[in-house]
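Throughout, a chain's letter reflects where its sequence line sits, starting with A, and its residues are numbered from 1.
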Amino acid sequence: MTDYETHRYDVIVIGAGGAGLRAAIEAKSRGLTTALVCKSLFGKAHTVMAEGGVAAAMGNVYPEDNWKVHFRDTMRGGKYLNNWRMAQLHAQEAPDRVYELEAWGALFDRTPDGRITQRDFGGHRYARLAHVGDRTGLELIRTLQQKAVSMDIDVFMECKILRLLQDASGAVSGAVGYWRPTGEFVVFEANAVVLATGSIGRSYTYTSNSWESTGDGHAMAIWAGADVIEMECVQFHPTGMVWPLSVRGLLVTEGVRGDGGALKNRDGHRFMFDYIPEMFRAETAETEEEADAWYEDHAHNRRTPDLLPRDEVARAINAEVKAGRGSPHGGVYLDIASRRSPEFIRRRLPSMYHQFLELAGVDITAEPMEVGPTCHYMMGGVRVNPETQAATVAGLFAAGEVAGGMHGANRLGGNSLSDLLVFGRRAGMGAADFAEGRSGDIQLDAAQIDATVADAMAPFSREGGENPYEVQQDLQRTMQSLVGIIRTGPELEEALDKLGELRERTAKISVEGGRAYNPGWNLATDLPSMLTVSTAIAQGALARKESRGAHTRDDYPNPDPELGKVNFVQHQTGERGYAAPIQIGPEPLPEMPDELHELLEEGH
Amino acid sequence: MTDSIPASTPQSTGATPSPSPSPSAAAGMPATPSDATHDDVASTAPLEDGAAGHAFDPAADEEDEEDEEEPTVTLRVWRGDASGGDLVDYTLPANEGEVVLDVVHRIQATLAPDLACRWNCKAGKCGSCSSEINGMPSLMCMTRVDELPEGPITVTPMRTFPIIRDLVTDVTFNFEVAKRVPAFAPPPRPDDGYRMQQVDVERGQEFRKCIECFLCQDVCHVIRDHEENKAHYAGPRFFIRFAELEMHPLDTNDRRELVRQRMGLGLCNITKCCTEVCPEHIKITDNAIIPLKERAVDASYDPIAWLGRKILRRHKRSPEEASAASPH
Ligand SMILES: Cc1cc2nc3c(=O)[nH]c(=O)nc-3n(C[C@H](O)[C@H](O)[C@H](O)COP(=O)(O)OP(=O)(O)OC[C@H]3O[C@@H](n4cnc5c(N)ncnc54)[C@H](O)[C@@H]3O)c2cc1C
Ligand code: SF4
Ligand code: SF4
Ligand code: FES
């Protein structure tokens with residue numbers, strides 16, 4: 001038997017980013033006991049890094065905008081792989097969620113008549129992103145954090161959840177984890193559990209994601225027997241920093257292009273004009289004059305190809321670099337210096353200005369930036385009911401980046417922050433309903449707890465085993481080189497073999513030191529999640545024999561209309577855990593009603 | 001509220017790291033560590049905490065083989081826990097363009113896998129990686145190695161907060177203070193939405209840039225040197241929070257008395273050290289503390305005097321009502 005403390009709640013929310021915070025606020029507002037658990041300090045979740053804005057068709061800048069156009073843009077951006085109902089709810093509810101933040105104290109940038117102003121972003125037909133300079137995520141998380149504090153929600157910070165607990169019926173009934181400062185174990189007993197654990201980016205070498213993004217929620221859902229979908233759809237943001245090496249992957253917000261920045265190759269050529277895909281030709285400018293005029297007047301000009309959806313731009317940059325037309329450090333140039341005044345740049349993009357000045361020694365008001373693709377966002381995730389965010393296992397809910405479906409094969413910028421708010425709230429409602437309806441005592445299975453603790457402690461008792469940092473680096477290299485932005489069948493097979501070897505090495509990891517705040521041990525407990533998620537990504541990528549959105553197969557360069565009608569669903573049926581296989585198969589997408597089909601077809 | 005960090009972590013003055021800049025030194029130049037202890041521990045002093053493993057100084061062993069051309073970087077890192085600790089040197093090859101946090105990560109990956117530090121964004125956006133670099137409260141992810149003076153770089157935990165382990169401190173104090181700030185309280189939303197002018201939101205936006213790194217709290221002598229003040233002093237991070245709400249065009253709480261009486265605004269003697277360490281370049285003293293002090297005085301002596309700008313606020317809740325609205 002292991003020693004641990006136990007806490008009992010109606011609802012526990014794992015993850016305190018935008019989605020988790022919003023879910024906890026909703027559950028708590030229903031009068032339920034609610035706990036919020038996170039790996040870092042409260043207020044440090046990855047959401048804090050979001051820059052550009054939150055997409056909501058408020059129509060404050062372009063009155064023509066409405067949910068229908070937003071829905072259409074989202075579905076087109078996602079190459080129609082989206083769950084249509086999620087895309088619809090998202091477009092309909094996002095404006096209310098933004099106004100709600102304002103009522104909770106958020107200070108968004110304003111229009112001249114005093115309303116929330118909105119900025120242009122890739123793939124959005126109208127200027128749609130409510131923002132605060134280029135630190136929108138900070139505003140969002142601080143507002144929700146302060147709201148949660150005012151509601152007296154219990155926060156367990158620096159507490160890492162290792163595994164979900166299930167009762168005899170299979171329903172999720174709690175979770176087990178440990179306090180990072182002490183290494184002591186802790187058990188939560190709950191009527192309902194919401195996963196809001198964010199992204200998977202740490203499985204790649206170059207990523208805009210923080211150390212927390214190890215896909216724990218994706219993995220724990222799989223280990224609990226829940227379905228995950230679209231795991232092959234990993235977004236590479238076109239503009240990450242490339243130099244110096246130590247900051248490679250750090251995000252350069254799309255807001256730079258939204259505010260007038262242009263991509264150029266070594267020869268100063270605006271190459272995006274050479275990469276306009278058929279699907280977007282009718283609405284994209286063909287000349288530099290038209291593209292530049294569009295910034296001032298959207299009604300009479302078509303949008304600049306610099307703001308095509310992210311998958312298109314990332315592939316174009318990749319191709320330019322490959323063709324030898326890149327910048328000295330293997331990227332391309334992003335130039336706003338020659339296009340906007342220094343005052344404008346500093347006012348609109350203050351944190352980009354500082355980021356480049358302080359980390360790269362580049363003054364972006366005077367010189368172009370060097371940028372290249374970086375692993376950024378996970379479209380795939382837990383398969384959920386669009387109304388309640390319920391997973392396919394009872395008692396489990398998921399919202400935010402850990403949930404799948406909303407963004408299809410490619411997410412539009414700004415659509416994540418709005419996703420967190422819309423579906424965080426819905427997950428909170430879904431979990432609250434379930435928790436209230438759940439009858440009888442929760443039975444926790446001591447054997448599950450003991451097994452989890454034993455697995456977590458095992459690296460301490462091994463000596464001279466594998467170094468967790470080396471295993472992680474090899475995992476990242478494998479994913480970066482073999483399951484990256486452009487994929488092929490043989491490379492994906494090779495990746496799956498390598499992941500098998502890495503699983504064996506993970507079973508032999510040993511860690512030094514004690515349990516209290518030990519990052520080596522913490523990493524050892526992250527690796528099982530990273531391996532499960534990486535395996536699911538590689539399997540999904542191998543199964544999807546087509547190119548669609550962010551998923552690009554060199555050996556199947558075109559979309560396949562038949563595959564456009566299915567999700568690849570993965571789950572564990574028999575044996576569970578990172579060492580066990582994950583089953584995969586196609587399932588048809590939910591049928592879209594005719595009136596929504598018509599919206600997609602309309603020229604808008 | 002469940003304690004997020006087990007309350008057993010004691011505040012131990014004996015365990016605090018040795019470089020101890022005076023507030024003015026911290027504000028001005030990187031303080032040369034003045035304490036004798038580190039000369040003694042310079043390279044291979046074994047750690048007192050047996051569980052924490054071993055001291056490392058590969059440079060000492062490899063000095064002869066080292067290629068003279070290859071530049072190196074030495075980090076002198078405080079390692080230990082609440083019961084005590086020491087500075088330990090780690091020497092690695094230098095890489096171009098690195099920040100201090102990169103070097104810490106390389107130490108973790110190669111020399112000391114259990115070296116504890118906090119970080120998240122590595123871009124100065126989350127406020128996790130706060131520490132004292134050569135005695136100066138700084139973000140490790142925004143401090144470039146090539147901009148520090150030559151020689152070993154001393155990295156120690158924030159001194160104002162109790163040690164958990166190595167570079168990680170128990171910053172619970174700040175989260176507790178946050179609970180005592182009465183929530184934002186706007187009037188009901190009009191049908192066509194709230195209207196605010198950009199110039200009016202910009203005042204508050206400056207303070208909302210705060211990334212909660214708590215470096216200003218760390219450097220403020222009122223709590224850095226006086227543990228006992230923590231009970232009745234909110235600190236600069238929360239003075240800007242009060243200022244932000246006070247200047248919010250929609251807030252209806254009157255917080256002026258509250259910040260003076262219960263948050264210890266009077267103890268601040270405007271040394272400006274907080275402003276100088278703020279990585280977000282928030283003008284904490286000039287734009288928040290001084291105006292708050294003026295307003296608090298107004299509130300005590302002449303409640304009408306400064307209402308001018310806020311005349312549009314129909315109803316302001318009294319300090320009692322406002323503090324009753326906070327959960328703690
Ligand atoms: C640099 C950057 C800029 C971005 N800009 C934008 C933008 O402008 N607009 C936009 O819409 N989107 C943007 N995004 C995307 C968006 O920020 C993220 O998708 C979103 O913030 C994810 O939120 P989340 O709530 O799902 O998870 P996160 O904010 O990632 O939070 C995850 C939470 O889960 C916790 N957690 C994880 N695992 C565990 C565990 N095992 N135990 C306990 N807790 C755990 C973490 O501690 C954390 O609290 C950006 C992303 C990045 C990286
Ligand atoms: S100005 Fe006031 S709050 Fe800031 S460091 Fe000095 S005493 Fe502390
Ligand atoms: S005010 Fe500045 S120094 Fe203080 S916590 Fe905020 S960002 Fe850090
Ligand atoms: S890691 Fe986020 S501020 Fe340094």
Side-chain angles (χ1 to χ4, degrees), chain A residues 7 35 40-44 46 48-49 99 102-105 107 109-110 113-115 132 135 138-139 142 146 149-152 154-159 179 181-182 184 210-212 243-247 250 351 354-355 358-360 467-469 473 511-514 516-521, chain B residues 1-2 4-6 9 51-53 81 95-99 102 108-110 113-128 142 144 164-166 168 170-171 175 178-179 183-184 186 189 193-198 201 204-205 208-212 245 248 251 326-328:
Chain A
H7 300 270
S40 285
L41 292 176
F42 193 32
K44 310 296 184 200
H46 191 68
V48 86
M49 295 163 71
Y99 287 128
E102 186 179 43
W104 294 345
L107 285 173
D109 287 348
R110 318 304 296 183
D113 65 347
R115 295 189 291 176
V132 186
R135 54 164 193 86
L138 173 64
E139 188 70 11
R142 206 62 88 226
Q146 284 159 352
V149 166
S150 78
M151 296 173 78
D152 210 10
D154 289 356
V155 181
F156 293 73
M157 54 182 158
E158 300 204 308
C159 180
W179 290 110
T182 59
E184 300 294 332
S210 84
W211 70 267
E212 294 197 294
W243 188 255
L245 211 54
S246 75
V247 292
L250 211 65
S351 73
H354 283 289
Q355 182 173 315
E358 287 167 37
L359 295 175
N467 172 346
Y469 295 92
Q473 276 167 19
V511 298
E512 283 178 32
Y517 226 109
N518 183 339
W521 181 40
Chain B
M1 168 91 195
T2 313
S4 61
I5 293 167
T9 323
D81 58 22
N95 288 347
E96 193 184 340
E98 276 191 324
V99 293
D102 291 314
Q108 289 177 328
T110 55
D114 63 340
L115 168 59
C117 82
R118 285 194 180 103
W119 71 283
N120 274 53
C121 68
K122 219 173 155 294
K125 294 192 166 85
C126 73
S128 301
M142 295 304 279
R144 283 180 58 145
I164 292 178
R165 219 166 73 77
D166 301 343
V168 176
D170 178 354
V171 291
F175 292 97
K179 292 185 202 160
F184 170 64
R189 184 171 189 267
Y194 296 119
R195 298 288 176 107
M196 291 180 259
Q197 291 307 310
Q198 182 67 27
V201 303
Q205 283 180 336
R208 289 183 74 83
K209 286 194 308 195
C210 171
I211 57 173
E212 299 207 322
L245 288 164
H248 195 301
D251 187 44
S326 85
H328 292 267

Report summary line: Honestly, the part of A:Glu102 sitting under 4.5 Å from a heavy atom of chain B is both
Query raised in the report: Sub-3.5 Å donor-acceptor pair from the side chain of B:Glu96 to the main-chain atoms of A:Pro244, do we have one?
Result: no
**Report entry** A:Asp109 portion near chain B, given a 4.5 angstrom heavy-atom threshold
**Finding:** both
Query - Side chain / backbone / both / neither for A:Trp104 at chain B, heavy atoms under 4.5 Å - result: backbone
Query raised in the report: So which of A:Asn467, A:Leu359, A:Leu245 has the biggest tally of heavy-atom pairs under 4.5 Å with chain B?
Result: A:Leu359
Requested in this report: Identify which of B:Val99, B:Asp102, B:Asn95 forms the greatest number of heavy-atom pairs closer than 4.5 Å to chain A.
Outcome: B:Asp102
Requested in this report: Would you mind checking which part of A:Glu139 comes under 4.5 Å of any heavy atom in chain B, side chain (CB onward), backbone (N, CA, C, O), both or neither?
Outcome: both
Report summary line: In terms of heavy-atom contacts, B:Arg165 and A:Ala516 come closest through NE-O, 2.8 Å
Report task. Taking all heavy atoms of B:Gln108 and all of A:Tyr469, pick out the closest pair and write down the distance. Result -> O-CE1, 3.3 Å
Query raised in the report: Between CZ of B:Arg118 and NZ of A:Lys44, what distance do you get to the nearest 0.5 Å?
Result: 9.0 Å
Report summary line: Whatever's closer than 4.5 Å to a heavy atom in chain B on A:Ala35 counts as neither
Query raised in the report: What part of A:Leu138 gets closer than 4.5 Å to chain B, counting heavy atoms only: side chain, backbone, both or neither?
Result: side chain
Query raised in the report: Should the heavy atoms of other residues, nucleotides or ligands under 6.0 Å from CD of B:Gln197 be counted, would the total exceed 12?
Result: yes
Query raised in the report: Where on A:Leu250 is there a heavy atom nearer than 4.5 Å to chain B: the side chain, the backbone, both, or neither?
Result: side chain
Requested in this report: Heavy-atom distances under 4.5 Å only: say whether A:Arg115 touches chain B with side chain, backbone, both or neither.
Outcome: both
